[in-house]
**Q** 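Take a look at the following structure, please.
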Amino acid sequence: MRLTVHGVLDRYRRGERLTMVTAYDYTAARIIDRTDIPLVLVGDSLGMVMQGRDSTLPVTLDDIEYHTRAVVRGAQRPLVVADLPFLTYSTPDDALRNAGRLMAQTGCGSVKLEGGLPFAPTVRRLTEAGIPVMGHLGFTPQSVHQIGMRVQGRSVEAGARLVRDAQALAEAGAWGMVLELVPAPLARLVTQRVDVPTIGIGAGPDCSGEVQVWHDVLGLYDDFVPRHTRRYATLADTAAEALSAYESDVRAREFPTAANSSTLDEETLAAIEAALDSTP
Ligand code: KIV
């Protein structure tokens with residue numbers, strides 16, 4: 001049975017740490033379903049890791065809808081959270097229409113949006129309409145051009161604002177929030193001051209849980225490992241080696257063999273040739 005937000009909150013209240021990973025397709029989702037990971041995020045990071053773009057800004061609602069449908073089909077067990085893309089929740093009305101579409105059309109169990117206090121009315125509107133919302137504070141990639149890609153909340157003012165943003169989201173009904181690139185002691189303070197799960201990424205060890213990008217933990221890039229990541233495999237190397245072995249087998253006529261083929265009796269083949277010769 002699929003985990004709901006209530007199931008996730010029960011685990012949080014029991015003191016269980018929560019693991020979340022991103023996924024963007026059916027095959028990845030099926031692999032996640034073989035694990036105990038309770039939370040899957042169809043993140044707008046798909047703009048970078050699936051589309052090769054340099055930010056999340058070009059990702060559309062259609063993109064998120066397409067990828068979320070595939071993930072929901074593949075992962076039957078975890079709670080699937082879908083990101084609301086850039087400028088799809090600028091007003092509470094936009095948010096309701098677009099989040100409603102994702103919930104109705106994809107089967108996801110929650111949406112996620114970036115931003116603090118100014119988005120509290122939006123969070124309230126969605127939760128009152130029955131749409132579970134996850135917040136996202138700290139480094140918010142959709143604002144990269146305004147805030148820069150750096151750790152957030154380092155000054156007294158920015159740190160206090162981040163805690164207040166977290167409290168505002170929780171009070172407005174957000175069931176949890178991602179804390180991205182936040183100093184570890186500040187993330188701990190937020191986690192102590194809100195009564196919903198905080199899911200860190202580059203936010204230290206004291207959040208209620210952790211989220212990582214599929215490609216980072218599985219080593220699907222061989223050129224860059226972000227500091228906040230730990231690689232648990234080097235699948236890019238494994239895949240490149242496998243593909244090279246495939247290529248050399250094809251070139252050497254060692255694949256495919258009879259074992260990979262189907263047969264046709266000589267008589268039928270001769271009849272096909274005769275039919276070809278007799279038809280103009
Ligand atoms: O889009 C995404 O993958 C995210 C995570 C990095 C939290 O928002």
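Just so you know, ligand 1 is whichever comes first in the structure, and atom 1 is the first atom listed for that ligand.
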**Q** Which distance, rounded to the nearest 0.5 Å, do you find between the CD of Gln51 and the CG of Asp44?
**A** 10.0 Å
**Q** Only heavy atoms of Asp44, strictly under 4.0 Å: list the atoms of ligand 1 that pass.
**A**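 The atoms of ligand 1 under 4.0 Å from a heavy atom of Asp44 are 1 (O).
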**Q** If you round to the nearest 0.5 Å, how far is CD of Glu171 from CZ of Arg124?
**A** 8.0 Å
**Q** Check Pro78 against Ile37 and note the closest heavy-atom contact, atom names and distance.
**A** CB-O, 3.6 Å
**Q** Checking side-chain hydrogen bond (donor to acceptor under 3.5 Å, both in side chains) between Tyr89 and each of Gln142, Glu114, Arg125, which is the one that passes?
**A**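 The option that passes is Gln142.
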**Q** May I ask you to list the atoms of ligand 1 that are less than 4.0 angstrom from any heavy atom of Gly43?
**A**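 Once the distances to Gly43 are compared, the set is 1 (O), 2 (C), 3 (O).
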**Q** Can you check whether Tyr24 has an N/O within less than 3.5 Å of an N/O in ligand 1?
**A**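 No, no N or O pair falls under 3.5 Å.
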**Q** Charged N to carboxylate O under 4.0 angstrom, Arg2 versus Asp33?
**A**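 Result for this pair is no, no salt bridge flagged.
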**Q** Would a distance-only check, ignoring hydrogens and angles, find a side-chain to backbone donor-acceptor pair under 3.5 Å from Asp63 to Thr60?
**A**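 Checked: pair present.
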**Q** Any idea which atoms of ligand 1 are less than 4.0 Å away from a heavy-atom of Lys112?
**A**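 Taking each heavy atom of Lys112 in turn, ligand 1 has 8 (O) under 4.0 Å.
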**Q** Show me which atoms of ligand 1 lie under 4.0 Å from any heavy atom of Thr22.
**A** 3 (O)
**Q** Take the angle between the ring planes of Tyr24 and His215 and call it parallel below 30°, perpendicular above 60°, tilted in between.
**A**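 It falls in the tilted class, 30° to 60°.
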**Q** Could you say whether the N/O atoms of Ser45 and ligand 1 ever approach to under 3.5 Å?
**A**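 Indeed, backbone or side chain, Ser45 has an N or O that close.
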**Q** Specify side chain, backbone, both or neither for Leu46, according to which of its non-hydrogen atoms lie closer than 4.0 Å to ligand 1.
**A** neither
**Q** Have a look at ligand 1 and work out which part of Thr56, if any, has a heavy atom under 4.0 Å from it: side chain, backbone, both or neither.
**A** neither
**Q** Of the protein's non-hydrogen atoms, which lies at the shortest distance from atom 4 (C) of ligand 1, and what is that distance?
**A**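 It is Leu41 CD2, 3.5 Å.
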